[in-house]
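Worksheet: one structure, shown below.
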2 protein chains.
Amino acid sequence: MTTAQASGETRPGGRTARTRQAVLAAVFEELGEGGFAALTMEKIAQRSGIHLATLYRRWRGVEGLVCDLLTGLSADVPLPDTGTLPEDLRVLSRAIAVFYRDDRRRSLIEAVVSAAVRDPQAATLLRTFFAERSELYGRLVTRAVERGEVPADTDPEQVMAALGAPFYYRLLIARGAVDPALAESTATAVWAAVRAGAYKKADTADGTHDGR
Amino acid sequence: MTTAQASGETRPGGRTARTRQAVLAAVFEELGEGGFAALTMEKIAQRSGIHLATLYRRWRGVEGLVCDLLTGLSADVPLPDTGTLPEDLRVLSRAIAVFYRDDRRRSLIEAVVSAAVRDPQAATLLRTFFAERSELYGRLVTRAVERGEVPADTDPEQVMAALGAPFYYRLLIARGAVDPALAESTATAVWAAVRAGAYKKADTADGTHDGR
DNA sequence: AGGTTAACGCGAGCAACTTCGCGTTAATCG
DNA sequence: CGATTAACGCGAAGTTGCTCGCGTTAACCT
């Protein structure tokens with residue numbers, strides 16, 4: 001009891017981090033070849049060189065793996081700031097389209113959505129992940145409100161959901177390619193809808209919008 | 001060889017149809033309680049009273065079951081015809097929202113999307129199913145074009161995709177309830193976008209738009 | 001440097017899912 | 001009405017996926 005490390009300490013440095021990186025890299029590459037359907041624990045073990053039992057111990061299964069990969073997916077898409085909302089929307093929309101041109105990223109989203117249907121833990125992760133993104137990119141809208149470009153009670157999160165929705169419809173339902181045309185039409189549509197006041201706050205609840 | 005029924009004939013009448021109906025009903029109810037995650041072949045066998053081996057023989061697995069159920073899902077949503085496109089869009093949007101208030105329907109869509117990620121056959125089914133629906137409800141837009149309400153080269157299928165997208169985003173990504181507010185904002189947004197000409201045909205291809 | 005103990009490698013063992021062969025039931029037709 | 005044969009019921013066998021116990025490696029601390 002003289003030592004400080006005592007009982008159940010976690011040990012994140014060195015080897016642990018290295019195996020994690022190797023495994024997640026293997027998952028990402030494997031997703032590129034055959035998608036989630038072909039994603040077997042055994043294949044990942046082979047490709048990463050990490051033993052099968054270790055994978056099950058740390059990640060429980062393929063659901064856990066893709067979830068971990070999603071959280072580690074850095075926000076490669078920068079926050080646009082062109083000065084006007086329609087341009088910001090267009091830039092962001094194009095960036096999303098480019099983002100999903102990569103089969104590995106596309107398959108990753110498919111995988112997490114599929115996992116979320118089966119596993120409540122994955123569902124929570126997915127929800128919070130996109131909520132954070134919506135909040136982050138919602139700054140575009142907040143700035144536009146401050147500039148007086150759009151109605152003052154425009155809800156940034158609704159706008160960002162509207163911007164993303166067509167892409168995920170294309171990915172998951174229509175199951176077609178995410179092409180530049182989709183990016184353009186989506187940006188145009190959202191801008192028109194925002195101007196028309198389609199995304200006002202508290203459509204369902206009444207009152208108490210902050211008077212700041 | 002004198003008989004006409006000869007070799008490998010299928011036999012759709014009577015018992016076969018009855019078991020199919022019993023099984024699909026069991027799947028539908030089971031989806032209501034616990035969703036796709038809790039959908040086990042054995043549970044369906046118990047609830048429907050059909051033997052496990054029969055289920056595997058006819059449907060291969062849970063993916064096949066939910067796919068069959070989707071195709072049998074009759075179009076309960078009628079085609080609106082109020083006289084103006086914005087009203088038609090609003091009525092249809094509300095109908096979709098009501099449609100997905102039923103947990104069984106919601107879980108069914110989740111299940112098929114999840115299955116489509118894993119099974120190419122389910123993916124094809126999903127794509128064609130929604131393509132047919134888009135084509136069907138696209139008549140709303142075609143009529144509006146004929147009335148001169150919207151730009152002549154408005155693409156009906158794009159409009160219908162735009163109308164559906166926010167609901168599936170809510171269902172699959174945000175994983176929240178489909179509330180009336182979503183229906184209203186979606187209808188308003190799509191109408192504004194259509195007026196702004198966001199959904200013109202052949203954004204990606206050049207030239208040769210038909211001169212009628 | 002040396003001790004302690006997470007984290008990993010390894011193979012066997014367990015459990016759930018899926019399929020197979022055969023006998024039985026009930027559509028379909030002469 | 002009687003013959004034929006899909007489709008189904010039944011239990012057992014086969015396969016896959018996952019877990020467990022134990023020995024080994026290498027971080028972390030003094």
Side-chain angles (χ1 to χ4, degrees), chain A residues 1-27 30 34 36-68 72 111 114-115 118-119 121-122, chain B residues 1-27 30 34 36-68 111 114-115 117-119 121-122:
Chain A
M1 204 180 289
T2 54
T3 69
Q5 78 187 65
S7 57
E9 293 270 326
T10 183
R11 191 178 288 184
R15 182 170 61 166
T16 302
R18 208 178 312 128
T19 60
R20 186 178 119 102
Q21 188 180 346
V23 169
L24 293 187
V27 173
E30 203 73 38
F36 193 44
L39 196 69
T40 312
M41 292 297 269
E42 197 152 343
K43 273 191 187 170
I44 297 165
Q46 287 172 4
R47 188 188 274 257
S48 65
I50 303 300
H51 198 270
L52 189 67
T54 302
L55 298 183
Y56 277 110
R57 266 194 287 258
R58 283 189 65 177
W59 288 279
R60 303 258 321 171
V62 281
E63 293 83 7
L65 276 168
V66 293
C67 284
D68 196 7
S114 182
R118 290 169 164 82
D119 176 19
Q121 210 167 340
Chain B
M1 206 179 287
T2 54
T3 70
Q5 81 185 60
S7 56
E9 293 270 326
T10 183
R11 190 179 285 186
R15 183 172 59 166
T16 301
R18 209 177 312 127
T19 60
R20 185 178 120 102
Q21 188 180 346
V23 169
L24 293 188
V27 173
E30 204 71 38
F36 193 43
L39 195 70
T40 311
M41 292 296 270
E42 196 151 344
K43 274 191 186 170
I44 297 165
Q46 285 173 6
R47 189 188 273 257
S48 65
I50 303 300
H51 199 270
L52 190 65
T54 302
L55 298 183
Y56 277 109
R57 267 194 285 258
R58 282 189 64 176
W59 288 280
R60 301 260 321 171
V62 280
E63 293 83 6
L65 276 167
V66 293
C67 283
D68 197 6
S114 182
V117 169
R118 289 170 165 82
D119 176 19
Q121 209 168 341

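Predicted, not measured: the structure shown is a model, and the values here were computed from it. Within every chain, numbering begins at 1; the chains are lettered A, B, ... in the order of the sequence lines, protein sequences first and strands thereafter.
Across every non-hydrogen atom of B/Val62 and B/Leu39, the tightest pair is CG1-O, 3.5 Å. Across all their heavy atoms, B/Ala45 and B/His51 have their closest contact at CB-C, 4.4 Å. Residues A/Trp59 and A/Thr54 approach most closely at CE3-O, 4.5 Å, considering heavy atoms. Residues A/Ala37 and B/Arg118 approach most closely at CB-O, 3.0 Å, considering heavy atoms. Between A/Arg58 and A/Thr16, the shortest heavy-atom distance links the atoms NH1-O, 3.2 Å. In this structure, A/Ala26 and A/Ser48 approach most closely via the heavy-atom pair CB-CB, 3.8 Å.
Using a 4.0 Å heavy-atom criterion, one finds that A/Arg20 contacts no nucleic acid atom at all.
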Produce a footprint string for nucleotides 9-14 of chain D: one letter per nucleotide, 5' end first; B if the base is under 4.0 Å from any protein heavy atom, S if only the sugar-phosphate is, - if neither. BB----

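Taking 4.0 Å as the cut-off between side-chain N and carboxylate O, B/Glu30 and B/Arg47 count as a salt-bridged pair.
The CH2-C1' distance, from A/Trp59 to D/dT19, rounds to 17 Å in whole Å. Atom pair A/Arg58:CZ and C/dA6:C1' shows a separation of 11 Å (rounding to whole Å applied).
Closest to the A/Thr16 side chain, of the nucleotides D/dC18, C/dC8, D/dA7, is C/dC8.
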Find every protein N or O atom lying less than 3.5 Å from an N or O atom of nucleotides 12-17 of chain C, and list the pairs.
none

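Side-chain atoms of A/Arg15 stay outside donor-acceptor range of the base of D/dA27, with no qualifying N/O pair under 3.5 Å.
Contact annotation: A/Arg18 does not reach the phosphate of C/dC8 (side-chain N/O to OP1 or OP2, under 4.0 Å).
Listed by chain and residue number, B/Arg20 satisfy the salt bridge (charged side-chain N to carboxylate O under 4.0 Å, His left out) test with B/Asp68 (two or more places apart in sequence, or in another chain).
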